[in-house]
Amino acid sequence: MRRAALRTRSILGRVLGVVCLVAIVLSGAVPADAAESGSFGWPLRPRPTVERGFDKPERNWLPGHRGVDLAGTTGQTVLAAGDGIVVFAGEVAGKPVVSIDHPGGLRTTYEPVTAKVAVGSRVVRGTAIGTLVAGHEGCSAAACLHWGARRESGAHNRREYVDPLGLLHEVPVRLKPLEP
């Protein structure tokens, strides 16, 4: 009888574990310390909260939000999201900006970021490219990183803004078998 009770408890524990994992998968949650895969990763560590999402403009000159705003802290290190070459490190309209060209015609931008890298520097994913400063308008966090991405399209070399979150490849949750 005791053996049956232990077996029932073991089965219930496993079922509860599976239910929890299914809830995590369905909610889209990924552990903050999960390893990233793919060519691109988050430009802030730990994984930041998205304060404002991407809103692609109908035309490049029309209103929209050409990137995402990520909650951070003043002085936080900003990382290169992927391998590339720094093509801009300076000010645009009074804001410090860093831009990186990546293979395949992709350019990512990071603002407001005081650069620690020079134009022409080769960087790899995770390289410290600067520090986050406060003052990104429209963000509720004390300091927000505006992370943008744009791709040169084939026809007439037109630029197309893309959602930088689409560059990330989150690690899927892998379920372990019940029996060893």
Exercise for the section: Please examine the side chains of Leu44 and Val78, heavy atoms only from C-beta on, and report whether any two atoms are closer than 4.5 Å. Expected result: yes

Exercise for the section: Determine whether Val68 and Ile129 fall in the same hydrophobic cluster, where Ile, Leu, Val, Met, Phe, Trp and Tyr are linked whenever their side-chain heavy atoms lie under 4.5 Å apart. Expected result: yes

Practice task
In plain terms, say whether Lys95 and Glu111 are close enough for a salt bridge, that is, a side-chain N and a carboxylate O under 4.0 Å apart.
Solution key: yes

Fill in the blank from the handout: Between Ala134 and Ala142, the two heavy atoms sitting closest are CB-O, 3.6 Å

Exercise for the section: Determine whether Leu70 and Tyr161 fall in the same hydrophobic cluster, where Ile, Leu, Val, Met, Phe, Trp and Tyr are linked whenever their side-chain heavy atoms lie under 4.5 Å apart. Expected result: yes

Practice task
Examine Trp147 and Ile85 and state if one hydrophobic cluster contains both, with Ile, Leu, Val, Met, Phe, Trp and Tyr joined whenever side-chain heavy atoms are less than 4.5 Å apart.
Solution key: no

Problem - Minimum side-chain heavy-atom gap Thr131-Val113 below 4.5 Å - result: no

Exercise for the section: State, with a plain yes or no, whether a side-chain heavy atom of Trp42 is found less than 4.5 Å away from one of Leu165. Expected result: yes

Practice task
For side chain to side chain contact (heavy atoms under 4.5 Å, CB included), just list the numbers for Ile100 and Val123, CA-CA rounded to whole Å, side-chain angles, deciding distance to a tenth of an Å, and then say yes or no.
Solution key: CA-CA 9 Å; Ile100 300 172; Val123 295; 3.9 Å; yes

Completion exercise
Partner of Asp83 under side chain to side chain contact (heavy atoms under 4.5 Å, CB included), picked from Arg122, His102, Arg125, is Arg125

Handout entry: Trace of the side chain to side chain contact (heavy atoms under 4.5 Å, CB included) decision for Asp69 with Leu145
Key = CA-CA 5 Å; Asp69 293 342; Leu145 174 67; over 6 Å; no

Exercise for the section: May I ask you to test the Val97-Glu91 pair for a side-chain heavy-atom distance under 4.5 Å? Expected result: no

Practice task
Work out which heavy atom in Pro112 is nearest to a heavy atom in Leu132; give both atom names and the distance.
Solution key: O-CD1, 3.4 Å

Exercise for the section: Enter the distance from Arg107:CZ to Arg159:CZ here, rounded to the nearest 0.5 Å. Expected result: 6.5 Å

Problem - Contact summary for Thr73 and Ala143, nearest pair of heavy atoms - result: C-CB, 3.7 Å

Completion exercise
Closest non-hydrogen atoms of Ala80 and Val124, given as atom of the first, atom of the second and distance, are CB-O, 3.7 Å

Problem - Check: Thr108 and Pro164 side chains under 4.5 Å, non-hydrogen atoms - result: no

Problem - Nearest heavy atoms of Ala89 and Val119, plus distance in Å - result: N-CG2, 3.7 Å

Practice task
Would you mind reporting whether Val162 and Leu106 have side-chain heavy atoms less than 4.5 Å apart?
Solution key: yes

Problem - Backbone of Arg45 reached by a side-chain donor or acceptor of Gln76 within 3.5 Å - result: yes

Practice task
For Tyr110 and Leu79, work out which heavy atoms get closest and say how close.
Solution key: CE2-O, 3.8 Å

